[in-house]
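Labels below follow one simple rule: chain letters A, B, ... track the order of the sequence lines, proteins then strands, and each chain is numbered from 1.
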Amino acid sequence: MVDTETTATTDAPRNFIRDIVQDDLEAGRARGVVTRFPPEPNGFLHLGHAKSICLNFGIAKEFGGRCHLRFDDTNPVKEEQLFIDSIQADVRWLGFDWGEHLYYASDYFEQLYEWAEHLVRTGNAYVDDTPADGMRAQRGTLTEPGQNSPFRYRPVEENLDLFRRMRAGEFPNGTRVLRARIDMASGNMNLRDPVLYRILHAPHPRTGDAWSIYPTYDFAHGQSDAIEHITHSVCTLEFEDHRPLYDWLIEHLPVPSRPRQYEFARLNVTYTILSKRHLTRLVTEGHVTGWDDPRMPTIAGIRRRGVPAAALREFVSRVGVARAYSTVDVAMFESAIRDTLNPSAPRRMAVLRPLKLIIDNYPEGQTETLDARNHPDNPEAGSRPVTFGREIYVEQDDFMEVPPKKFYRLSPGKEVRLRYGYFVTCREVVKDADGQVVALRCSYDPGSKGGNAPDGRKVQATLHWVAAADAVPAEIRLYAHLFNRPDPGAEGDALADINPESLEVLTGALVEPALADAPVGEAVQFERTGYFAIDPDSRPGRLVFNRTVGLRDTWAKVSAKG
RNA sequence: UGGGGGAUAGUUUAGCGGUAAAACUCCCGGCUCUGACCCGGGCAUCCUUGGUUCGAAUCCAGGUCCCCCAGCCA
C-alpha cells in the first residue's frame with residue numbers, strides 16, 4: 001500500500017535553530033519549548049510553508065514542547081474563512097497536530113488595544129493625522145533620516161482621546177494612525193515611528209464589525225507570541241529588520257513572557273514560484289484550474305498530484321535549514337517523492353499511448369490469466385491476475401521501425417519480453433494510408449510463458465502492456481514544470497515565463513482492470529513510466545490519473561544525445 | 001555615500017582550530033522480467049587578500065559580490 005501515515009517522523013537533521021533551542025534548554029534560559037506556525041489566512045499553504053511547518057512542529061516535537069497554529073488575521077481585507085479552513089486541513093494532512101492550541105491574533109484584539117493605550121499613556125505612542133503620502137515623504141530614504149511628524153509630541157490625553165475615537169469608528173479610513181515613538185533617524189526603517197494601528201472599516205472573518213481599527217503585523221505578532229508564551233518565534237529572513245522593533249515592543253509592554261525571534265532563509269525552488277501574490281494571480285487569471293491544480297506548488301496541489309505527505313517531509317528534511325539564501329533544485333523534490341513512493345507503491349501496467357500488437361500464432365478468441373507481482377522487492381505485497389490474449393497494446397514509444405543503436409525495444413525482427421507474459425517477435429509493421437504505424441504483427445514463443453525462455457535465451461527489453469480483451473480506458477494527465485525557466489520572473493513578469501505545455505492530457509490511455517477501483521489520491525507505479533494517482537475528477541467508468549512524478553529515464557537521456 | 005544579513009562541489013546542506021562530509025544533479029560502469037530500484041567509481045584552488053597558529057573552511061583585519069528594508073501588507 002501507499003504510505004499514508006499521518007504521523008510525522010522526527011528524523012529531522014541538525015540545524016542552527018535546533019542548536020539554539022538545545023542551548024537555551026541546557027543553559028536553563030528556557031524551561032520548555034513552545035513554537036508556533038503563524039500563517040495569514042489570505043491564500044493556500046505552499047512548499048515554503050511546509051518548510052516552516054516542519055521546522056516549527058519538528059522542533060517542538062523533538063524537545064518535548066508544543067507548537068501552536070495561530071492565524072495572523074490582522075488585515076481583514078485580505079483574509080477569508082476559506083483559507084482558514086484549507087490551512088488547517090493542509091497542516092493536518094502534512095502530519096502535524098496542534099492539539100488544543102489553535103489561536104487567532106484576533107483573539108487578542110482587546111488585549112492588544114489595552115497595550116496600545118499603555119504605550120500612549122507612557123508616552124511611547126501617538127496618534128498621527130498625517131496622510132499616507134505625507135508620512136511616506138516624512139519617513140526619509142534609506143540614506144537620509146526621516147522628519148518628525150508635527151503630531152509627534154501631541155499630549156497624552158489628546159492621543160488617548162483620539163485613539164479611543166479611532167476605535168469608536170469616528171474617523172474614515174486612512175485619516176489617522178497610531179504610531180510608536182521611537183526614532184525617525186534610525187538606520188532601520190522599521191524604527192522610524194512604525195504604525196501600530198490603522199483605521200479600517202472592514203468586516204473581519206472572525207470579529208465581524210466589532211473593530212474599525214486593526215493592529216499591524218508588527219504590533220500584533222510579538223505580543224501574540226508573548227501571550228502564548230512562545231519561547232522561540234521562528235520566521236523568515238525578511239523579518240530580520242523587524243526584530244529590533246519586536247524586542248522594543250516586548251520591552252515597553254507589560255507582557256507575560258519574553259519570546260525571542262529567530263530567522264531562517266525561506267525556501268526557493270527552481271521552475272517554481274512561491275510568492276503568494278503570483279500564486280493568487282495564477283488562480284484568478286485562470287492560468288491553472290485552482291489552488292489545488294496539480295501543477296501548483298500549494299500543499300493542496302501537491303496532494304492532488306499524488307505526493308504523499310511523507311515525501312514532502314522528506315524533501316524539507318533534505319533541504320535543511322540555514323541562513324544562506326538559496327534555491328533548491330526541483331529535482332531534489334522529485335527524488336524525495338520517488339524515494340518515498342518506491343518502497344510501497346503497488347505496481348500496475350498502463351499504456352499511455354497505445355499501439356496494437358497482434359500475436360498471429362496465438363489462438364483466436366483465447367485468453368489466459370497470468371500472475372503479476374504487486375511489488376518487485378516485497379513479496380508480501382502479493383500478486384494479481386492479468387489477462388493475456390491475442391491482441392494486446394504496448395506503448396508507442398516501445399517501437400521504432402528504424403531503431404537507433406542501443407534501442408533495446410521492439411523493431412522489425414526484434415524479440416522482447418512482455419512483462420509476466422511471453423517473448424514476442426515483431427514480424428510485420430501495419431500502416432495506414434498515410435504511412436502511420438497502426439499495428440504490429442508478431443509471433444510469440446509459447447514456451448516462454450511467465451517470462452522466461454526454456455532455452456535460457458535473453459532479451460534486452462521487457463515491455464509493459466495491457467490486453468485488448470479487458471483493458472480499461474483512462475484519461476491521463478501529464479504535468480511538466482509550470483514555468484519554463486528555472487528562475488521564473490528573473491527577467492520581467494514571472495507569469496510571462498509560464499510553460500504553455502505544462503499540462504498534457506492523454507485521453508486514449510488503457511490501463512489494466514486492477515486500476516479501476518484505485519482509491520483517490522493514493523499513488524501507484526505504472527511500471528516503466530512513473531507514479532500516478534487517481535484525480536478527484538475521476539468517475540466510475542471515466543478514470544482520470546495524474547502523473548505524480550516520472551521514473552528516472554536513462555534511455556531518454558541516451559536517445560536525446562543521439 | 002543608511003541599516004540589517006549571506007558567501008563550502010552544478011544545487012542544497014554538514015563541518016564550530018587538526019588537514020573538506022552527505023543528499024540531489026551530471027558523467028562512467030555493473031546488475032536487472034521496470035533502460036526503475038540497487039551496487040561500484042568520478043565531479044570542491046571552502047568568495048578574495050593579508051594576519052594569528054606547528055596547523056585555518058573554522059579565529060582576526062581589509063576587500064569583492066549577492067540578498068532584504070523607504071505599506072496605514074504579512
Open item on the list: Between C1' on B/rC72 and OH on A/Tyr126, what's the gap in Å once rounded to a whole number?
Closed with: 13 Å

- [ ] Flag the pair A/Asn56 / A/Arg36 as yes when at least one side-chain heavy-atom distance between them is below 4.5 Å, and no otherwise.
- [x] yes

- [ ] Report the base-pairing partner of B/rC65 (Watson-Crick or G-U wobble, both distances below 3.5 angstrom), or none.
- [x] B/rG6

Open item on the list: Using a 4.0 Å heavy-atom cut-off, does A/Arg552 contact any base of the nucleic acid, only the sugar-phosphate backbone, or nothing at all?
Closed with: sugar-phosphate

Task: P gap between B/rC43 and B/rC28, integer Å - done: 15 Å

Task: G-U wobble or Watson-Crick pairing nucleotide for B/rG17 (cut-off 3.5 Å, both distances) - done: none

TODO: In whole angstrom, give me the gap between the P atoms of B/rG6 and B/rA61.
DONE: 15 Å

Open item on the list: So if I apply the ring pair (Phe, Tyr, Trp, His ring centres under 6.0 Å) rule between A/Phe109 and each of A/Tyr197, A/Tyr104, A/Phe219, A/Tyr214, which one comes out positive?
Closed with: A/Tyr214

TODO: Report the glycosidic orientation of B/rG30: syn if within 90° of 0, anti in every other case.
DONE: anti

TODO: Give the ring-plane orientation class for A/Phe44 versus A/Trp291, where under 30° counts as parallel, over 60° as perpendicular and anything between as tilted.
DONE: parallel

Task: Distance between P atoms of B/rG71 and B/rC66 (Å, rounded) - done: 24 Å

Task: Nearest-Å distance for atom pair CD/C1', residues A/Glu527 and B/rU32 - done: 13 Å

Open item on the list: Taking the minimum atom-to-atom distance to the side chain of A/Arg198, which one of B/rG4, B/rA74, B/rG2 wins?
Closed with: B/rA74

Task: Nearest-Å distance for atom pair OH/P, residues A/Tyr325 and B/rC66 - done: 14 Å

- [ ] In whole angstrom, give me the gap between the P atoms of B/rC47 and B/rG15.
- [x] 16 Å

TODO: Output the single nucleotide from B/rC73, B/rU13, B/rG71 whose closest atom is nearest the side chain of A/Arg139.
DONE: B/rG71

Open item on the list: Please report the distance, rounded to the nearest Å, between CD in A/Gln22 and P in B/rC16.
Closed with: 15 Å

Open item on the list: Counting the atoms with a prime plus P, OP1 and OP2 as sugar-phosphate, which does A/Arg409 contact under 4.0 Å by heavy atoms, base, sugar-phosphate, or nothing?
Closed with: base

Open item on the list: Only pairs with both distances under 3.5 Å count, Watson-Crick or wobble alike; so what is the partner of B/rU11 in this structure?
Closed with: B/rA23

Open item on the list: Quick check for you: among B/rG35, B/rU34, B/rC68, whose closest atom lies nearest to any side-chain atom of A/Asp241?
Closed with: B/rC68

Open item on the list: Please name the nucleotide paired to B/rG50 by Watson-Crick or G-U wobble geometry with both distances under 3.5 Å, or report none.
Closed with: B/rC60

Open item on the list: Only pairs with both distances under 3.5 Å count, Watson-Crick or wobble alike; so what is the partner of B/rG71 in this structure?
Closed with: none

TODO: Could you check whether A/Pro39 gets within reach of a base, just the sugar-phosphate, or nothing at all, counting any heavy atom under 4.0 Å?
DONE: nothing

- [ ] Classify the nucleic acid contact of A/Thr270 as base, sugar-phosphate or nothing, counting any heavy atom under 4.0 Å across all strands shown.
- [x] nothing

Task: Length of the CG-C1' vector between A/Asp183 and B/rG2, whole Å - done: 12 Å

- [ ] Check A/Pro205, A/Ser224, A/Pro41 against A/Phe71 for a side chain to side chain contact (heavy atoms under 4.5 Å, CB included) and give me the one that passes.
- [x] A/Pro41

- [ ] Tell whether A/His242 reaches the base of B/rA74 with its side chain through a donor-acceptor pair below 3.5 angstrom.
- [x] yes

TODO: Give one of base, sugar-phosphate or nothing for A/Thr141, where a contact means two heavy atoms less than 4.0 Å apart.
DONE: base

Task: B/rA23 to B/rG18 separation - P atoms, rounded to the nearest Å - done: 23 Å

Open item on the list: Distance check needed: B/rU34 P versus A/Asn374 CG, whole Å only.
Closed with: 16 Å

TODO: Measure up the A/Phe388 and A/Tyr444 rings against each other and bin them: parallel (under 30°), tilted (30 to 60°), perpendicular (over 60°).
DONE: tilted

Task: Carboxylate-amine/guanidinium proximity below 4.0 Å for A/Lys449 and A/Glu368 - done: yes

Task: N/O (side chain, A/Thr554) to phosphate O (OP1/OP2, B/rA36) under 4.0 Å - done: yes

Task: Heavy-atom neighbours of A/Arg167 CZ exceed 12 at 6.0 Å - done: yes

- [ ] Just call it for A/Val558: base, sugar-phosphate, or nothing, with non-hydrogen atoms closer than 4.0 Å on any strand.
- [x] nothing

- [ ] Please determine if a side-chain N or O atom of A/Arg14 lies less than 4.0 Å away from the OP1 or OP2 oxygen of B/rG15.
- [x] yes

- [ ] Report yes if a donor N or O on one partner sits less than 3.5 Å from an acceptor N or O on the other, where the partners are the side chain of A/Arg318 and the base of B/rU13; otherwise report no.
- [x] no

